[in-house]
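Note that the numbering runs from 1 along the sequence shown for the chain. None of these values were measured; they are calculated from a predicted model.
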Amino acid sequence: MSNPTSCSVCGRTILKGERTRIYLTPDGDRRIVCELCRARAEALHWVWAEVANEHRPVASPRRRRGSLTGWLRGYAKRRAEPDAEAAGGSTPPPQGNGSPEPASTPRAGTPDPAARGARVGRAGPEPGTRIERAVLRFNESEHARTVAGLTRTLGQPQVSVGAAAGSPNEIRLTVAWELSWYQWGVDLGEPSRAVYEIDKGHEISEIDASAREWNAHASEGGTLRLGTVPAEPEGEPAGTES
């Protein structure tokens, strides 16, 4: 029996049927990356192998070895150059009297995005807990319609919401019926990234134990709600005759 494959970024064991990608490091080493860690791999200046193959330089008789490695290192450098240019800014055009326009003074209380230690390219924190924010992102996505359609056909599903293994910013949502189940992911560290499908199957026994801790439920419209389905009230007891 072969050893299970794990993601080179988060170290999580790759599930059966889970989609992975091969990335190349700046030194040319091949790395297996799960779909949840693509953004983190690219932040390390790893290059998707398919992109590297499309731009692979043609080897000349004098230079056969190291050409791909050199291109990968140059690719990482070129990706960093636009960020450096954006941080440097540009000189404002002169006014009508030929003098440059004075720089505007930041308003009090407004954080300077270029200040040392400032987080670049991240939105401010959203209200609510991580789980609540992930559920809200899912309910605003097209996948909520998938849950609504299957609920009308298969009935009320079981739902669990929890952190994905290996990354505290990635939340995994599992929705399961007797004959089908789906898993979606929400990356809270990348607000612009859409909700994505992680896996799907047919039997609940295929789901790992941590994802079978049901702590939420689905409404008729397909939106998810934290907490189990409230119990339906029993019939009123028959009145007693006086």
Side-chain angles (χ1 to χ4, degrees), residues 7 9-10 12-21 23 32-43 48 50-51 119-204 206-230:
C7 174
V9 177
C10 65
R12 179 177 61 83
T13 300
I14 301 300
L15 302 175
K16 181 179 179 181
E18 182 178 355
R19 183 179 178 185
T20 60
R21 302 196 181 206
Y23 276 76
I32 297 176
V33 178
C34 67
E35 285 293 309
L36 299 177
C37 294
R38 288 176 55 191
R40 296 166 66 185
E42 292 171 1
W48 185 17
E50 291 189 11
V51 175
R119 299 184 63 186
V120 180
R122 300 285 187 181
E126 301 175 38
T129 66
R130 295 185 302 115
I131 298 296
E132 291 171 342
R133 284 151 49 197
V135 169
L136 179 61
R137 290 265 300 275
F138 179 87
N139 291 341
E140 294 174 347
S141 72
E142 61 182 6
H143 301 294
R145 292 196 295 269
T146 300
V147 174
L150 289 172
T151 298
R152 287 192 294 267
T153 304
L154 303 177
Q156 188 69 28
Q158 300 181 92
V159 182
S160 74
V161 185
S167 177
N169 287 329
E170 293 164 358
I171 304 299
R172 178 176 59 176
L173 303 95
T174 304
V175 185
W177 296 264
E178 288 188 9
L179 303 177
S180 181
W181 60 268
Y182 287 80
Q183 282 184 341
W184 289 280
V186 177
D187 189 348
L188 298 177
E190 295 291 341
S192 60
R193 185 179 183 187
V195 177
Y196 50 90
E197 182 179 301
I198 298 176
D199 202 1
K200 61 183 177 181
H202 299 287
E203 297 183 5
I204 295 180
E206 299 170 344
I207 307 173
D208 59 90
S210 62
R212 280 184 274 139
E213 297 180 359
W214 315 116
N215 59 354
H217 65 278
S219 67
E220 294 182 359
T223 56
L224 305 186
R225 297 288 184 271
L226 294 177
T228 56
V229 180

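A donor-acceptor pair is defined here as one N or O able to donate and one able to accept, closer than 3.5 Å; no such pair exists between the side chain of R19 and the backbone of E35. The main-chain N or O of V161 is found under 3.5 Å from a side-chain atom of N215 such that the two form a donor-acceptor pair. Proximity of a side-chain donor or acceptor of H217 to a complementary backbone N or O of V159 within less than 3.5 Å is not detected. H143 places no side-chain N or O within 3.5 Å of a backbone atom of W184 that could act as its donor or acceptor partner.
Nearest heavy-atom pair across G222 and F138 is O-CE2, 4.2 Å. The two atoms that bring A218 and P157 nearest to each other are CB-CG, 3.8 Å, heavy atoms only. The two residues L154 and W177 have their closest heavy-atom pair at CB-CD1, 3.5 Å. Contact detail for A176 and I204: the closest heavy-atom pair is CB-CG1, 4.1 Å.
Remark: E140 pairs with L136 by the side chain to side chain contact (heavy atoms under 4.5 Å, CB included) rule, at least two apart or across chains. Remark: W181 pairs with no residue by the ring-ring contact (aromatic ring centres under 6.0 Å, His included) rule, at least two apart or across chains. Every residue was checked against the side chain to side chain donor-acceptor pair (under 3.5 Å) condition with E178, not counting sequence neighbours, and none meets it. In terms of the side chain to side chain contact (heavy atoms under 4.5 Å, CB included) criterion, residue partners of D208 (sequence neighbours excluded) are, by chain and number, R172, Q183, S210, A211. Partners of T223 under the side chain to side chain donor-acceptor pair (under 3.5 Å) rule, at least two apart in sequence or in another chain, are S219, R225.
Separating the CZ atom in R133 from the CZ atom in R137 is a distance of 9.0 Å, to the nearest 0.5 Å. Between the OH atom in Y182 and the CG atom in L150 there is a gap of 5.5 Å [rounded to 0.5 Å]. Taking CG from D187 and CZ from R40, the interatomic distance works out to 8.5 Å, rounded to the nearest 0.5 Å. The CZ atom of R130 sits 4.5 Å away from the CD1 atom of I171 when rounded to the nearest 0.5 Å. Annotation: the span from L36 atom CG to I198 atom CD1 amounts to 5.0 Å, rounded to 0.5 Å. In this structure, the separation between CG on L224 and CD1 on I131 is 11.5 Å, given to the nearest 0.5 Å.
Ion pairing between a basic and an acidic side chain is recognised when a charged N comes within 4.0 Å of a carboxylate O; E170 and R12 show no such pairing.
No side-chain heavy atom of V9 sits less than 4.5 Å from a side-chain heavy atom of C34. The shortest distance between side-chain heavy atoms of Y23 and R38 falls below 4.5 Å.
Residues in residues 193-202 take part in no side-chain hydrogen bond (donor to acceptor under 3.5 Å, both in side chains) pair, two or more places apart or across chains.
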